[in-house]
> 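Dropping a structure here in structure tokens format, bear with me for questions.
In each ligand, atom 1 is the first atom listed, and ligand 1 is the first ligand listed. Worth knowing before you read on, the calculation uses all heavy atoms, side chains too, and leaves out hydrogens, waters and symmetry mates. Residue numbers start at 1 and run along the sequence shown.
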Amino acid sequence: MKIAVIGGGSWATAIVKILTENNDYVGWWMRNEEAVDHIKKFHHNPHYLSSVELMTEKIDVSTNLDHVISEADYVIFAVPSAFLKNALESLTIDLSTKTVFSAIKGIVPDENVIVGEFFHQKYNVPMENIGVITGPCHAEEVALERLSYLTIAGLDDEKVDTLARHMESDFIKTKKTDDIIGTEYAAVLKNIYALAAGICHGLGYGDNFQAVLVSNAIREMKKFIKAVYPLKRDINESAYLGDLLVTAYSQFSRNRMFGNMIGKGYTIRSAKLELNMVAEGYYAAALIHEVAKAKGVKMPIAHAVYKILYKDKNPKKTMSKLTDKLN
Ligand SMILES: NC(=O)C1=CN([C@@H]2O[C@H](COP(=O)(O)OP(=O)(O)OC[C@H]3O[C@@H](n4cnc5c(N)ncnc54)[C@H](O)[C@@H]3O)[C@@H](O)[C@H]2O)C=CC1
Ligand SMILES: O=C(CO)COP(=O)(O)O
């Protein structure tokens with residue numbers, strides 16, 4: 001079976017590393033021609049996770065999306081949600097015959113749908129051929145080969161099983177679930193809560209308060225997911241609570257870093273420039289705000305983040321008001 005990875009950032013690079021542990025062929029698309037040449041020549045991605053030595057003898061890296069996708073049976077998307085449509089612009093071949101996994105933890109702009117739904121609605125990929133790769137896993141720790149758990153979600157057990165087997169290695173364990181929508185939304189929401197944790201850290205709140213914030217966040221997440229996709233699930237599993245915890249507390253979290261800068265008084269523009277990586281929670285805050293409104297779900301933490309990022313509300317005052325709503 002042939003697997004391809006779409007994206008040139010940290011997570012795509014980490015997934016390519018994971019796959020080459022266990023597979024002799026990995027297709028890899030990225031838009032940057034110079035990065036492709038650099039990888040072929042020096043076996044490192046020059047811009048992301050550049051410490052990782054890539055097994056290029058197993059990697060077919062190219063800027064030609066049609067080529068990479070046509071060669072593959074399974075296609076894993078790992079570009080930030082904000083650039084997904086842009087990345088797909090050069091695709092002229094049919095995607096609906098492929099098995100498509102999303103490793104993206106975001107919502108597609110303008111469409112207001114999660115990535116799996118986007119491929120189903122816009123590219124006619126049957127829901128049985130769609131899956132999600134999620135779980136508490138920072139690319140930087142994959143680079144260091146630190147033990148990490150990934151959750152593979154999908155409606156077709158065999159496809160989920162197949163991908164899980166191809167991703168397992170000494171440092172990757174996989175878990176499987178059929179909660180394809182719930183795990184995707186959890187991954188989107190935890191970014192907003194990590195941003196909130198970062199803002200509070202930047203404002204000077206300590207560990208005592210962070211614990212209260214995160215324990216409220218998991219309940220808020222549970223309420224939202226139940227409203228959009230009711231299903232029997234244990235919110236304490238690592239794809240939900242685990243991912244929230246790692247993103248809210250890890251030094252590697254982009255969302256937490258971004259929030260921390262906002263809490264410290266950076267403007268959004270300067271925080272974006274300084275981070276130089278994508279904090280998905282920034283985009284998700286606006287889109288989840290719309291979904292929550294449409295579904296009538298009250299989400300005080302996500303709403304506070306939305307007001308700070310999009311309504312120019314003062315972080316200190318907004319978070320102070322939020323503290324009265326937590327328990
Ligand atoms: N980095 C991580 O540890 C993890 C990331 N993810 C998810 O993976 C997805 C990708 O994130 P990362 O790899 O971390 O992002 P990143 O910040 O490392 O990479 C950004 C990528 O976007 C591309 N890009 C930047 N501007 C662009 C533009 N205007 N048009 C098209 N492409 C552009 C860059 O070339 C680069 O390939 C996100 O949804 C993220 O939530 C999921 C799990 C872990
Ligand atoms: O999803 C992640 C870890 O599971 C990565 O989170 P950040 O994008 O905040 O770094």
> Which residue supplies the protein heavy atom nearest to atom 2 (C) of ligand 2, what is that atom called, and how far is it?
Lys190 NZ, 3.2 Å
> Heavy-atom distances under 4.0 Å decide this one: backbone, side chain, both or neither, for His47 against ligand 1?
neither
> If every non-hydrogen atom of Ala285 is compared with every non-hydrogen atom of Leu309, which pair is closest and at what distance?
CB-CD1, 4.2 Å
> Below 4.0 angstrom from a heavy atom of Gly9, which ligand 1 atoms are there? Numbered from 1 as shown, please.
13 (O), 18 (O), 19 (O), 36 (C), 37 (O)
> Heavy atoms only, cut-off 4.0 Å: how does Cys137 contact ligand 1, side chain, backbone, both, or neither?
backbone
> Could you walk me through whether Tyr185 and Phe224 pass the ring pair (Phe, Tyr, Trp, His ring centres under 6.0 Å) test, one step at a time?
CA-CA 9 Å; Tyr185 270 115; Phe224 178 92; 5.3 Å; yes
> For ligand 1, does Ala87 get within less than 4.0 Å through its side chain, its backbone, both, or neither, judged by non-hydrogen atoms?
neither
> Mark up the atoms of ligand 1 that fall under 4.0 Å of a heavy atom belonging to Met277, in ascending order.
17 (O)
> Checking contacts here: is it the side chain or the backbone of Asn255 that comes within 4.0 Å of ligand 2, counting heavy atoms only? Could be both or neither.
both
> Looking at atom 3 (C) of ligand 2, what's its closest protein heavy atom, distance included?
Cys137 O, 3.4 Å
> Have a look at ligand 1 and work out which part of Arg254, if any, has a heavy atom under 4.0 Å from it: side chain, backbone, both or neither.
side chain
> Do me a favour and list the nearest non-hydrogen protein atom to atom 40 (C) of ligand 1 with residue, atom name and distance?
Glu280 CG, 4.0 Å
> Would you please classify the geometry between the His289 ring and the His303 ring as parallel, tilted or perpendicular, with 30° and 60° separating the classes?
parallel
> In this structure, does ligand 2 have an atom that sits under 4.0 Å from one of the heavy atoms of Glu280?
no
> Check for me whether Gly7 has a heavy atom closer than 4.0 Å to any atom of ligand 1.
no
> Does any N or O of ligand 2 fall below 3.5 Å from an N or O anywhere on Ser253, backbone included?
yes
> Where do Glu220 and Tyr193 land on the side chain to side chain contact (heavy atoms under 4.5 Å, CB included) test, with the steps shown first?
CA-CA 10 Å; Glu220 194 173 295; Tyr193 299 133; 2.9 Å; yes
> What protein heavy atom is closest to atom 14 (O) of ligand 1, reported as residue, atom name and distance in Å?
Ser10 OG, 3.8 Å
> Side chains of His44 and Ser50: is there a donor and an acceptor less than 3.5 Å apart?
no
> To check your reading of the model: name the closest protein heavy atom to atom 29 (N) of ligand 1, its residue, and the distance in Å.
Phe83 CE2, 3.5 Å
> Under 4.0 Å from any heavy atom of Ala139, which atoms of ligand 1 are there?
1 (N), 2 (C), 3 (O)
> Identify the closest protein heavy atom to atom 36 (C) of ligand 1: which residue and atom is it, and at what distance?
Tyr48 OH, 3.5 Å
> Consider ligand 1: state whether an atom of it lies below 4.0 angstrom from any non-hydrogen atom of Ala103.
yes
> So is Pro136 close enough to ligand 2, meaning a heavy atom under 4.0 angstrom away?
yes
> Which heavy atom of Ile15 sits nearest a heavy atom of Ala78, and at what distance?
CD1-CB, 4.2 Å
> Tell me the contacting part of Trp11 for ligand 1: side chain, backbone, both, or neither, using a 4.0 Å heavy-atom threshold, strictly below.
both
> Report yes or no: do Leu163 and Phe171 belong to one cluster of Ile/Leu/Val/Met/Phe/Trp/Tyr joined by side chain heavy-atom distances under 4.5 Å?
yes
> Do the rings of Tyr310 and Tyr306 sit parallel, tilted or perpendicular, given the 30° and 60° boundaries?
parallel
> For atom 32 (N) of ligand 1, find the nearest protein heavy atom and state the residue, atom name and distance (0.1 Å precision).
Arg31 NE, 3.2 Å
> Between Asn32 and His38, do the side chains contain a donor N or O and an acceptor N or O under 3.5 Å apart?
no
> So which heavy atom in the protein is nearest atom 4 (O) of ligand 2, and how far is it from that ligand atom?
Asp243 OD1, 2.7 Å
> How far is atom 17 (O) of ligand 1 from the closest protein heavy atom, and which atom is that?
Val278 N, 3.0 Å
> With heavy atoms under 4.0 Å as the rule, classify the contact between Phe252 and ligand 2 as side chain, backbone, both or neither.
backbone
> Heavy-atom pairs closer than 4.0 Å: do any link ligand 1 to the side chain of Lys105, the backbone, both, or neither?
both
> Any nitrogen or oxygen of Val278, side chain or backbone, less than 3.5 Å from one on ligand 2?
no
> Non-hydrogen atoms of Asn86 versus ligand 1: any pair closer than 4.0 Å?
yes
> Under a heavy-atom criterion of less than 4.0 Å, does Ala139 contact ligand 2?
no
